[in-house]
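Lettering follows sequence order; numbering is per chain, from 1.
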Number of protein chains: 2
Amino acid sequence: MPRHIDQDRRRTEIAEAVWRLVVREGVSAVSLRTVAAEAGLVLGSLRHSFPTKADLLAYSMELVHERVQERVRRHLGVRDARALARAVLLEVLPLDEERRTELRVNLALVVESPAHPRLAELAGAAQTALAQMCRDLCGHLGSAGLLHPSRDVALEGARLHALLDGTALHLLLDPAAVPSAEQLVEAHLRELATPSPEAGPASGAARR
Amino acid sequence: MPRHIDQDRRRTEIAEAVWRLVVREGVSAVSLRTVAAEAGLVLGSLRHSFPTKADLLAYSMELVHERVQERVRRHLGVRDARALARAVLLEVLPLDEERRTELRVNLALVVESPAHPRLAELAGAAQTALAQMCRDLCGHLGSAGLLHPSRDVALEGARLHALLDGTALHLLLDPAAVPSAEQLVEAHLRELATPSPEAGPASGAARR
DNA sequence: ATCGTGCTAGCACAGATGCGCTACGAAAGG
DNA sequence: CCTTTCGTAGCGCATCTGTGCTAGCACGAT
């Protein structure tokens, strides 16, 4: 092996250049040449790591998913079910610039997926995984008695997932909403422990 | 006035061509020429209605917001607070192909907004309006006694908004989830009438 | 010292893109 | 009638796009 450049590192750097471009100038500013310039490379070098644009975009999206997965993994040791849920949820939300970038890029590539089928696959898989994770969190809460038995795990999983993605979207468009996002997650988790409104009729709620 | 063509109609048709392109081929497939072809016009005619690409994109986004607003307006006469909330929320969700297209386009243009400042303005305004609407719905529910007094209107407004946008996103990526989305909205609205878990301590919830 | 290979650098090409500009048509005003 | 004005049609240009291709370079194993 001659002149060995750490290819993984190189590919990562390039993908991050894509991220920066997407955030700064929008998806349609992403071309092989602009990316090469942003990464401080020549077109030829870029194309050695990523022969086609499709390869580039696909890896840029994969890297987002890897980063998120790895950050989530770090919290999996938490024992208390509610603390685990809180940790994981707050980890997935774009609470800082780095995660905001990742979400923005993911969204941008989802939007581009009609033109690049591979992106659609990746996005679908990530989406499914996140949904599964939300259901699992609800399952764990259930085992710990923190999800009231009158509640349906599947429905609450879907609701949690929607709440998560919606909050993420809002944080993306309005970073100032961070404190209310944390409060929101907290309130929702506490709510899951209460009986479902269909099982236990709302006490004196119809009054006032 | 010579040869009068209904300009508004023309602009609408063109914007809809943009929509179709975004959905079928992704944002970066949108160029003056591809749009003209999709709309069955010549480049010159297109550019008579929209001199620059920025104009085109801005109007395409505006049209999405107008359509949504008008659909929502149709339900404002509903008297019962919960029925109103249900109607409005289900109207905003992408439950059919038409609304799915609108959401997809909106998302695509949000993603493109770094390159076109006007898009960022429009997106911000729409986002703010939707947030306000969710708060208002919660306010009405409160006046009708369908939002338990122990609940904070601002927080519940934000939560409803997040749930709404999250569910919308999920419906976009998985149209098969329509029934569960309706169920989800219904469950959430009922939940709002129950006491907040911090005010009324979760009855026997910590138990299994 | 030599050779093979991983990497850089860049040329070339066919096509697309946004936009400035002009020429022509048709229709409504005078 | 003629003139004005709106809309159509389209040429042209400078620039950018993705990708195929070929030299050369530096280095590590032989």
**Study point:** C:dC7 OP1/OP2 closer than 4.0 Å to side-chain N/O of A:Gln7
**Key:**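 Checking C:dC7 against A:Gln7, a side-chain N or O does come within under 4.0 Å of OP1 or OP2.
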Review point. A:Leu32 near the nucleic acid: base, sugar-phosphate alone, or nothing, with a heavy-atom cut-off under 4.0 Å?
Key: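 A:Leu32: base contact, heavy atoms under 4.0 Å.
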Point to revise | Summary of side chain to side chain donor-acceptor pair (under 3.5 Å) pairs that have at least one residue in residues 41-51 of chain B, sequence neighbours excluded | key: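 Non-adjacent pairs meeting side chain to side chain donor-acceptor pair (under 3.5 Å): B:Gln7-B:Ser49.
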Check your understanding: In residues 12-31 of chain A, what residues come within less than 4.0 Å of DNA chain C, judged by heavy atoms?
Key ->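 Under 4.0 Å from DNA chain C: no residue of residues 12-31 of chain A.
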Practice item. Check DNA chain C against residues 45-64 of chain B and give the residues with a non-hydrogen atom under 4.0 Å, in numerical order. Key: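 Those residues are B:Arg47, B:Thr52, B:Lys53.
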Revision key, fill the gap. Its dot-bracket string being built from Watson-Crick and G-U pairs below 3.5 Å, with | for another strand and [ ] for crossing, DNA chain C has the pattern |||||||||||||||||||||||..|||..
Closest heavy-atom contact between [X] and [Y]?
{"X": "A:Arg135", "Y": "A:Val153", "answer": "O-CG1, 4.0 Å"}
{"X": "B:Ala162", "Y": "A:Leu163", "answer": "CB-O, 4.0 Å"}
{"X": "B:Asp55", "Y": "B:Pro51", "answer": "OD2-CD, 3.4 Å"}

Review point. Quick one: B:Glu112 CD to C:dG18 C1', roughly how many Å, whole number?
Key: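 Atom-to-atom, B:Glu112 to C:dG18, this comes out as 15 Å.
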Point to revise | A:His65, NE2 atom: more than 12 neighbouring heavy atoms under 6.0 Å | key: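 For A:His65, atom NE2 is crowded (more than 12 foreign heavy atoms under 6.0 Å).
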Review point. Is it the case that more than 12 heavy atoms not belonging to A:His140 sit under 6.0 Å from its NE2 atom?
Key: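 Counting neighbours around NE2 of A:His140, 12 or fewer heavy atoms of other residues, nucleotides or ligands fall under 6.0 Å, so no.
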Check your understanding: Is A:Leu57 close to A:Met61 at the side-chain level, that is, under 4.5 Å between some pair of heavy atoms?
Key ->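 No, too far: nothing below the 4.5 Å cut-off.
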Check your understanding: Between the side chain of A:Trp19 and the main-chain N/O of A:Glu102, is any donor-acceptor distance below 3.5 Å?
Key ->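 Looks like no, no N/O pair under 3.5 Å.
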Exercise for review: Working to the nearest 0.5 Å, report the span between CG of A:Leu137 and CG of A:Leu84.
Suggested key: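 If we round to the nearest 0.5 Å, A:Leu137:CG and A:Leu84:CG are 6.0 Å apart.
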**Study point:** Distance (rounded to the nearest 0.5 Å) between A:Arg9 CZ and A:Glu13 CD
**Key:**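 One gets 5.5 Å once the value is rounded to the nearest 0.5 Å.
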Exercise for review: Determine whether the side chains of A:Asp136 and A:Gln132 contain a donor N or O and an acceptor N or O closer than 3.5 Å.
Suggested key: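 A:Asp136 vs A:Gln132: donor-acceptor pair found between side chains.
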Review point. With no hydrogens and no angle check, do the side chains of A:Arg190 and B:Ser196 hold a donor and an acceptor under 3.5 Å apart?
Key: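 B:Ser196 and A:Arg190 do not have a side-chain donor-acceptor pair below 3.5 Å.
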Listing time: all N or O pairs from protein to nucleotides 11-14 of chain C that are below 3.5 Å?
none

**Study point:** side-chain contact (heavy atoms from CB on, under 4.5 Å) partners of A:Arg24, counting only residues at least two apart
**Key:**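 With sequence neighbours excluded, A:Arg24 shows a side-chain contact (heavy atoms from CB on, under 4.5 Å) to A:Arg20, A:Leu21, A:Glu38, given in chain and number order.
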